[in-house]
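Keep in mind that what you see is a predicted model, and the values were worked out from it rather than measured. Positions are given from 1, in the same order as the sequence printed here.
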Amino acid sequence: MSAATETLANRIEALDAPVHIGAVSLRVRDLSGLTAFYRDAIGLSVIEQDADHAVLGAGGEPLVKLEAGAQQPSSAAGLFHMAILLPSRRDLGNWLRHAAETRIGLEGASNHLVSEALYLSDPEGNGIEIYRDRSRPEWPRLDGGRIAMATERLDLDALLRDADLRAYAGMPEGTVMGHIHLRVGDVAQAEGFYRDALGFEVMVHYPGASFMATGGYHHHIATNTWHSRGAGLRRDDEAGLASFELVARDDEAHAALSRRLTASGGDAASTVDPWGNRITLRG
(Lines give C-alpha, C1' and ligand atoms only; values in the text may rest on other atoms or scores of the structure.)
Protein backbone atom coordinates (compact mmCIF):
# COMPACT_ATOMS: atom_id res chain seq x y z
CA MET A 1 0.00 0.00 0.00
CA SER A 2 1.36 3.42 -0.93
CA ALA A 3 1.90 6.18 1.61
CA ALA A 4 -0.97 8.13 0.03
CA THR A 5 -3.27 5.12 0.37
CA GLU A 6 -2.22 4.65 4.00
CA THR A 7 -3.17 8.27 4.72
CA LEU A 8 -6.54 7.83 3.02
CA ALA A 9 -7.21 4.67 5.06
CA ASN A 10 -7.41 6.89 8.12
CA ARG A 11 -10.54 8.60 6.79
CA ILE A 12 -12.10 6.35 4.15
CA GLU A 13 -14.16 3.57 5.72
CA ALA A 14 -13.64 1.04 2.91
CA LEU A 15 -9.85 1.20 3.27
CA ASP A 16 -9.90 0.94 7.07
CA ALA A 17 -9.81 -2.86 6.87
CA PRO A 18 -7.28 -5.70 6.59
CA VAL A 19 -8.31 -6.32 2.96
CA HIS A 20 -10.10 -4.02 0.53
CA ILE A 21 -10.86 -3.86 -3.20
CA GLY A 22 -8.35 -2.49 -5.68
CA ALA A 23 -8.65 -1.99 -9.43
CA VAL A 24 -11.35 -3.72 -11.46
CA SER A 25 -10.36 -4.99 -14.92
CA LEU A 26 -12.90 -5.21 -17.75
CA ARG A 27 -12.56 -7.07 -21.04
CA VAL A 28 -14.11 -4.81 -23.69
CA ARG A 29 -14.97 -4.66 -27.40
CA ASP A 30 -14.46 -0.93 -27.99
CA LEU A 31 -11.33 0.08 -26.08
CA SER A 32 -11.17 3.67 -27.33
CA GLY A 33 -14.89 4.25 -26.74
CA LEU A 34 -14.85 2.82 -23.22
CA THR A 35 -11.69 4.76 -22.38
CA ALA A 36 -13.40 7.99 -23.44
CA PHE A 37 -16.49 7.10 -21.40
CA TYR A 38 -14.60 6.47 -18.17
CA ARG A 39 -12.56 9.62 -18.75
CA ASP A 40 -15.28 12.05 -19.84
CA ALA A 41 -18.51 10.71 -18.33
CA ILE A 42 -17.22 9.10 -15.14
CA GLY A 43 -14.41 11.61 -14.61
CA LEU A 44 -11.39 9.33 -14.18
CA SER A 45 -7.95 10.27 -15.48
CA VAL A 46 -6.04 8.17 -18.02
CA ILE A 47 -2.92 6.82 -16.33
CA GLU A 48 -1.75 4.46 -19.10
CA GLN A 49 -3.01 3.75 -22.60
CA ASP A 50 -1.91 1.79 -25.66
CA ALA A 51 -3.56 -0.20 -28.44
CA ASP A 52 -4.43 -3.11 -26.14
CA HIS A 53 -5.27 -1.63 -22.78
CA ALA A 54 -6.02 1.49 -20.74
CA VAL A 55 -5.70 2.23 -17.03
CA LEU A 56 -7.82 4.98 -15.47
CA GLY A 57 -7.96 6.28 -11.94
CA ALA A 58 -7.94 9.26 -9.61
CA GLY A 59 -5.01 10.92 -7.90
CA GLY A 60 -2.69 8.49 -9.67
CA GLU A 61 -4.45 5.46 -8.10
CA PRO A 62 -5.56 2.90 -10.74
CA LEU A 63 -9.25 2.07 -10.39
CA VAL A 64 -10.48 0.75 -13.76
CA LYS A 65 -8.39 -1.26 -16.21
CA LEU A 66 -9.72 -1.89 -19.71
CA GLU A 67 -8.46 -4.79 -21.82
CA ALA A 68 -9.21 -5.15 -25.53
CA GLY A 69 -10.19 -8.51 -26.95
CA ALA A 70 -13.69 -9.47 -25.81
CA GLN A 71 -14.92 -12.10 -28.27
CA GLN A 72 -18.20 -13.25 -26.73
CA PRO A 73 -21.03 -11.56 -24.83
CA SER A 74 -21.01 -11.64 -21.06
CA SER A 75 -22.67 -14.68 -19.51
CA ALA A 76 -25.13 -14.68 -16.60
CA ALA A 77 -22.42 -14.70 -13.92
CA GLY A 78 -19.88 -11.89 -13.60
CA LEU A 79 -20.07 -8.21 -12.76
CA PHE A 80 -23.26 -6.73 -11.31
CA HIS A 81 -21.49 -3.44 -10.65
CA MET A 82 -18.21 -1.97 -9.52
CA ALA A 83 -18.58 0.75 -6.93
CA ILE A 84 -16.48 3.91 -7.07
CA LEU A 85 -16.34 5.55 -3.65
CA LEU A 86 -15.99 9.33 -3.46
CA PRO A 87 -14.47 11.07 -0.42
CA SER A 88 -17.48 13.23 0.50
CA ARG A 89 -21.13 14.01 -0.08
CA ARG A 90 -20.10 17.21 -1.85
CA ASP A 91 -18.05 15.14 -4.30
CA LEU A 92 -21.10 12.96 -4.98
CA GLY A 93 -23.20 16.07 -5.53
CA ASN A 94 -20.56 17.42 -7.90
CA TRP A 95 -20.68 14.22 -9.95
CA LEU A 96 -24.50 14.28 -10.04
CA ARG A 97 -24.43 17.89 -11.28
CA HIS A 98 -21.91 16.85 -13.97
CA ALA A 99 -24.19 13.95 -14.97
CA ALA A 100 -27.21 16.24 -15.20
CA GLU A 101 -25.38 18.86 -17.26
CA THR A 102 -23.91 16.31 -19.69
CA ARG A 103 -27.08 14.17 -19.83
CA ILE A 104 -25.52 10.99 -18.48
CA GLY A 105 -28.39 8.59 -17.91
CA LEU A 106 -28.84 7.18 -14.41
CA GLU A 107 -30.50 3.83 -13.71
CA GLY A 108 -31.06 4.34 -10.01
CA ALA A 109 -30.37 6.46 -6.94
CA SER A 110 -30.59 5.00 -3.45
CA ASN A 111 -30.16 5.83 0.20
CA HIS A 112 -28.73 2.66 1.73
CA LEU A 113 -28.58 4.13 5.28
CA VAL A 114 -24.83 3.49 5.43
CA SER A 115 -24.24 5.22 2.08
CA GLU A 116 -25.80 7.22 -0.74
CA ALA A 117 -25.44 5.80 -4.24
CA LEU A 118 -26.02 6.58 -7.91
CA TYR A 119 -26.24 3.80 -10.50
CA LEU A 120 -25.59 3.62 -14.23
CA SER A 121 -23.98 1.36 -16.86
CA ASP A 122 -21.18 1.94 -19.34
CA PRO A 123 -21.87 1.62 -23.10
CA GLU A 124 -21.07 -2.13 -23.00
CA GLY A 125 -23.45 -2.81 -20.13
CA ASN A 126 -21.01 -2.99 -17.23
CA GLY A 127 -22.72 -1.78 -14.07
CA ILE A 128 -21.29 1.17 -12.13
CA GLU A 129 -22.17 2.52 -8.71
CA ILE A 130 -20.87 5.92 -7.65
CA TYR A 131 -21.34 6.52 -3.94
CA ARG A 132 -20.28 8.16 -0.71
CA ASP A 133 -20.23 6.57 2.73
CA ARG A 134 -21.72 7.95 5.88
CA SER A 135 -19.24 7.81 8.74
CA ARG A 136 -19.20 4.54 10.65
CA PRO A 137 -20.81 6.01 13.82
CA GLU A 138 -23.83 6.99 11.65
CA TRP A 139 -24.47 3.45 10.43
CA PRO A 140 -27.71 2.12 11.93
CA ARG A 141 -27.48 -1.11 13.89
CA LEU A 142 -29.89 -3.94 14.53
CA ASP A 143 -30.29 -5.68 17.87
CA GLY A 144 -27.03 -7.52 18.44
CA GLY A 145 -25.00 -4.82 16.70
CA ARG A 146 -25.24 -5.98 13.08
CA ILE A 147 -25.33 -3.28 10.38
CA ALA A 148 -28.73 -2.31 9.02
CA MET A 149 -28.95 -1.54 5.29
CA ALA A 150 -31.94 -0.67 3.12
CA THR A 151 -32.78 0.65 -0.33
CA GLU A 152 -34.69 3.90 0.05
CA ARG A 153 -35.26 6.87 -2.24
CA LEU A 154 -32.32 9.26 -2.49
CA ASP A 155 -33.22 12.95 -2.47
CA LEU A 156 -31.38 14.13 -5.58
CA ASP A 157 -32.40 17.77 -5.12
CA ALA A 158 -30.83 17.83 -1.66
CA LEU A 159 -27.70 16.16 -3.02
CA LEU A 160 -27.41 18.79 -5.76
CA ARG A 161 -27.65 21.55 -3.17
CA ASP A 162 -24.40 20.25 -1.68
CA ALA A 163 -22.56 20.51 -5.01
CA ASP A 164 -20.06 23.22 -5.94
CA LEU A 165 -20.95 25.64 -8.70
CA ARG A 166 -17.57 25.52 -10.44
CA ALA A 167 -16.93 23.46 -13.59
CA TYR A 168 -16.53 19.75 -12.99
CA ALA A 169 -12.84 18.82 -12.73
CA GLY A 170 -13.16 15.03 -12.59
CA MET A 171 -13.08 12.61 -9.70
CA PRO A 172 -10.91 13.97 -6.88
CA GLU A 173 -7.86 12.51 -5.22
CA GLY A 174 -9.06 10.16 -2.52
CA THR A 175 -11.51 8.39 -4.82
CA VAL A 176 -11.18 4.61 -4.40
CA MET A 177 -12.86 1.39 -5.50
CA GLY A 178 -15.12 0.86 -2.52
CA HIS A 179 -16.63 -2.52 -3.32
CA ILE A 180 -17.54 -4.95 -6.07
CA HIS A 181 -20.92 -6.63 -6.56
CA LEU A 182 -21.02 -9.93 -8.48
CA ARG A 183 -23.67 -12.00 -10.20
CA VAL A 184 -23.31 -15.62 -9.09
CA GLY A 185 -25.17 -18.88 -9.49
CA ASP A 186 -25.72 -19.61 -5.80
CA VAL A 187 -25.38 -17.30 -2.78
CA ALA A 188 -24.59 -20.06 -0.29
CA GLN A 189 -21.82 -21.32 -2.57
CA ALA A 190 -20.50 -17.76 -2.91
CA GLU A 191 -20.41 -17.41 0.87
CA GLY A 192 -18.57 -20.73 1.06
CA PHE A 193 -15.88 -19.29 -1.17
CA TYR A 194 -15.56 -15.64 -0.12
CA ARG A 195 -16.26 -16.23 3.59
CA ASP A 196 -14.85 -19.68 4.30
CA ALA A 197 -11.99 -19.75 1.78
CA LEU A 198 -10.96 -16.08 1.54
CA GLY A 199 -11.91 -14.92 5.03
CA PHE A 200 -14.56 -12.25 4.43
CA GLU A 201 -17.28 -11.83 7.06
CA VAL A 202 -20.97 -11.87 6.11
CA MET A 203 -22.32 -8.46 7.16
CA VAL A 204 -25.85 -8.31 5.71
CA HIS A 205 -28.28 -10.58 3.87
CA TYR A 206 -30.87 -9.39 1.38
CA PRO A 207 -33.25 -11.84 -0.33
CA GLY A 208 -31.02 -13.52 -2.94
CA ALA A 209 -27.91 -11.56 -1.95
CA SER A 210 -25.06 -11.56 0.55
CA PHE A 211 -22.81 -8.66 1.56
CA MET A 212 -19.32 -9.48 2.89
CA ALA A 213 -16.38 -7.46 4.18
CA THR A 214 -13.29 -7.31 6.32
CA GLY A 215 -12.67 -4.91 9.20
CA GLY A 216 -16.35 -4.25 9.91
CA TYR A 217 -17.05 -2.36 6.66
CA HIS A 218 -20.62 -2.69 5.35
CA HIS A 219 -19.39 -4.62 2.30
CA HIS A 220 -16.34 -5.03 0.11
CA ILE A 221 -17.83 -7.91 -1.90
CA ALA A 222 -21.51 -8.54 -2.59
CA THR A 223 -23.02 -11.45 -4.50
CA ASN A 224 -26.53 -11.98 -5.82
CA THR A 225 -28.61 -14.40 -7.87
CA TRP A 226 -31.29 -11.88 -8.91
CA HIS A 227 -30.73 -12.59 -12.63
CA SER A 228 -28.18 -15.41 -12.49
CA ARG A 229 -29.52 -18.25 -10.34
CA GLY A 230 -27.85 -21.49 -11.42
CA ALA A 231 -25.31 -19.70 -13.63
CA GLY A 232 -22.28 -21.74 -14.62
CA LEU A 233 -18.64 -21.05 -15.38
CA ARG A 234 -17.76 -17.93 -17.37
CA ARG A 235 -15.68 -18.10 -20.55
CA ASP A 236 -12.15 -16.70 -20.71
CA ASP A 237 -12.81 -14.45 -23.72
CA GLU A 238 -16.21 -13.04 -22.82
CA ALA A 239 -16.94 -9.35 -22.34
CA GLY A 240 -17.27 -7.89 -18.88
CA LEU A 241 -15.31 -8.61 -15.75
CA ALA A 242 -11.78 -9.86 -16.41
CA SER A 243 -10.52 -9.70 -12.80
CA PHE A 244 -10.49 -7.63 -9.65
CA GLU A 245 -7.80 -6.90 -7.10
CA LEU A 246 -7.70 -7.52 -3.38
CA VAL A 247 -5.36 -5.18 -1.52
CA ALA A 248 -3.92 -6.10 1.88
CA ARG A 249 -3.35 -3.40 4.48
CA ASP A 250 0.01 -4.67 5.74
CA ASP A 251 2.51 -7.52 5.42
CA GLU A 252 0.67 -9.71 7.90
CA ALA A 253 -2.66 -9.38 6.09
CA HIS A 254 -0.90 -9.90 2.75
CA ALA A 255 0.71 -13.15 3.90
CA ALA A 256 -2.55 -14.45 5.37
CA LEU A 257 -4.53 -13.67 2.21
CA SER A 258 -1.82 -15.21 0.03
CA ARG A 259 -2.13 -18.45 2.00
CA ARG A 260 -5.90 -18.39 1.58
CA LEU A 261 -5.63 -17.88 -2.18
CA THR A 262 -3.36 -20.89 -2.45
CA ALA A 263 -5.62 -23.04 -0.26
CA SER A 264 -8.65 -22.06 -2.37
CA GLY A 265 -7.10 -23.78 -5.40
CA GLY A 266 -5.19 -20.83 -6.83
CA ASP A 267 -1.64 -19.72 -6.16
CA ALA A 268 -0.02 -17.15 -3.89
CA ALA A 269 -1.08 -14.25 -6.12
CA SER A 270 -4.45 -15.19 -7.65
CA THR A 271 -7.42 -17.53 -7.69
CA VAL A 272 -10.84 -17.87 -9.32
CA ASP A 273 -14.23 -18.18 -7.68
CA PRO A 274 -16.69 -20.96 -8.61
CA TRP A 275 -17.93 -18.94 -11.62
CA GLY A 276 -14.52 -18.15 -13.06
CA ASN A 277 -14.25 -14.61 -11.74
CA ARG A 278 -10.52 -14.03 -11.29
CA ILE A 279 -9.22 -12.43 -8.10
CA THR A 280 -5.65 -11.15 -7.87
CA LEU A 281 -3.63 -10.05 -4.87
CA ARG A 282 -1.94 -6.71 -5.39
CA GLY A 283 1.73 -7.19 -4.60
Which atom pair, heavy atoms only, marks the closest approach of V114 to A148? CG1-O, 3.9 Å
Under 3.5 Å donor-acceptor, Q71 side chain and G69 backbone: yes
Tell me, with the steps shown, if L106 and L96 meet side-chain contact (heavy atoms from CB on, under 4.5 Å). CA-CA 9 Å; L106 297 182; L96 177 60; 3.8 Å; yes
Go through the steps for E61 and R282 under the test salt bridge (charged side-chain N to carboxylate O under 4.0 Å, His left out), then give the verdict. CA-CA 13 Å; E61 181 74 9; R282 186 187 293 180; 3.0 Å; yes
Do you know the tightest heavy-atom contact between L233 and P274? CD1-O, 3.7 Å
Would D273 and L182 count as a side-chain contact (heavy atoms from CB on, under 4.5 Å) if you check the C-alpha gap in whole Å, the side-chain angles of each, and the deciding distance to 0.1 Å? CA-CA 11 Å; D273 75 7; L182 303 172; 4.1 Å; yes
Test item: W226 side-chain N/O and P207 main-chain N/O as donor-acceptor pair under 3.5 Å: yes
Please determine, by modelled atom types, if R89 and N94 share a side-chain donor-acceptor pair under 3.5 angstrom. no
Tell me if the centroids of the rings in F211 and H205 come within less than 6.0 Å of each other. no
Side chains of E67 and L31 in contact at under 4.5 Å (non-hydrogen atoms): no
Rounded to the nearest 0.5 Å, what's the gap from CG on L241 to CG on N126? Could you check? 8.5 Å
Pairs flagged by ring-ring contact (aromatic ring centres under 6.0 Å, His included) wherever residues 27-55 is involved - sequence neighbours left out: none
For S243, side-chain hydrogen bond (donor to acceptor under 3.5 Å, both in side chains) partners two or more places apart: none
Minimum side-chain heavy-atom gap I84-M177 below 4.5 Å: yes
To the closest 0.5 Å, what do you measure between CZ (R260) and CG (L198)? 7.5 Å
Which pair of heavy atoms, one from A76 and one from S228, lies closest together, and at what distance? O-CB, 3.5 Å
Which heavy-atom pair separates L79 from G127 by the least distance, and what is that distance? CD2-O, 4.0 Å
Here the pair of heavy atoms bringing E107 nearest to L120 is OE1-C, 3.6 Å
Look at the side chain of R27 and the backbone N and O of D236, then say whether any donor-acceptor pair between them is shorter than 3.5 Å. yes
Determine, step by step, whether L118 and E129 satisfy the side-chain contact (heavy atoms from CB on, under 4.5 Å) criterion, reporting the C-alpha distance in whole Å, the side-chain angles of both residues, the deciding distance to 0.1 Å, and the verdict. CA-CA 6 Å; L118 305 170; E129 175 181 342; over 6 Å; no
Heavy-atom neighbours of E138 CD exceed 12 at 6.0 Å: yes
Calculate, to the nearest 0.5 Å, the distance between atoms CG and CG belonging to L156 and L160 respectively. 6.5 Å
Would you say the side chains of H219 and H179 form a donor-acceptor pair under 3.5 Å? yes
Any chance you could lay out the side-chain contact (heavy atoms from CB on, under 4.5 Å) test for T271 and T262, step after step, and finish with the verdict? CA-CA 7 Å; T271 192; T262 301; over 6 Å; no
Taking C-beta and beyond as the side chain, do M82 and V64 meet within less than 4.5 Å on heavy atoms? yes
Would a distance-only check, ignoring hydrogens and angles, find a side-chain to backbone donor-acceptor pair under 3.5 Å from H220 to M212? no
Closest contact, heavy atoms only, Y131 versus S115: CD1-CB, 3.8 Å
Can you check whether S74's main-chain N or O pairs, donor with acceptor, with R235's side chain at less than 3.5 Å? no
Assess the residue pair E13 and S135 against the criterion (side chain to side chain donor-acceptor pair (under 3.5 Å)); give the C-alpha distance rounded to whole Å, side-chain angles, the decisive distance to 0.1 Å, and a yes or no. CA-CA 7 Å; E13 300 290 357; S135 66; 5.5 Å; no
Within the side chain of E245, is there an N or O that forms a donor-acceptor pair under 3.5 Å with the backbone of T280? no
According to salt bridge (charged side-chain N to carboxylate O under 4.0 Å, His left out), does anything in residues 30-52 pair up with another residue at least two apart or in another chain? List the pairs. none
T175 side-chain N/O to M171 backbone N/O, donor-acceptor pair under 3.5 Å: no
Kindly say whether V19 contributes a backbone atom to a donor-acceptor pair with the side chain of T214 at under 3.5 angstrom? yes
Would you tell me whether S210 and E191 have side-chain atoms, one donor and one acceptor, within less than 3.5 Å of each other? yes
Hey, is CG on D164 packed in by over 12 heavy atoms from elsewhere, all under 6.0 Å? yes
If you measure only the distance, is there a donor-acceptor pair under 3.5 Å linking the side chains of R234 and N277? yes
Exercise: do D133 and Y217 side chains pair donor with acceptor under 3.5 Å: yes
Side chains of S258 and L281: closer than 4.5 Å at any heavy-atom pair? yes
Step by step, work out the side chain to side chain donor-acceptor pair (under 3.5 Å) result for S88 and R132. CA-CA 6 Å; S88 72; R132 73 99 182 180; over 6 Å; no
Given 3.5 Å as the limit, does a donor-acceptor pair link the side chain of T102 with the main chain of H98, or not? yes
Aromatic ring pairing H181/F80, orientation class (parallel under 30°, perpendicular over 60°, tilted between): tilted
Using a cut-off of 6.0 Å, state whether more than 12 heavy atoms not belonging to R141 lie near its atom CZ. yes
Using atom types as modelled and distance alone, determine if a side-chain donor or acceptor of E116 lies under 3.5 Å from a backbone N or O of S110. no
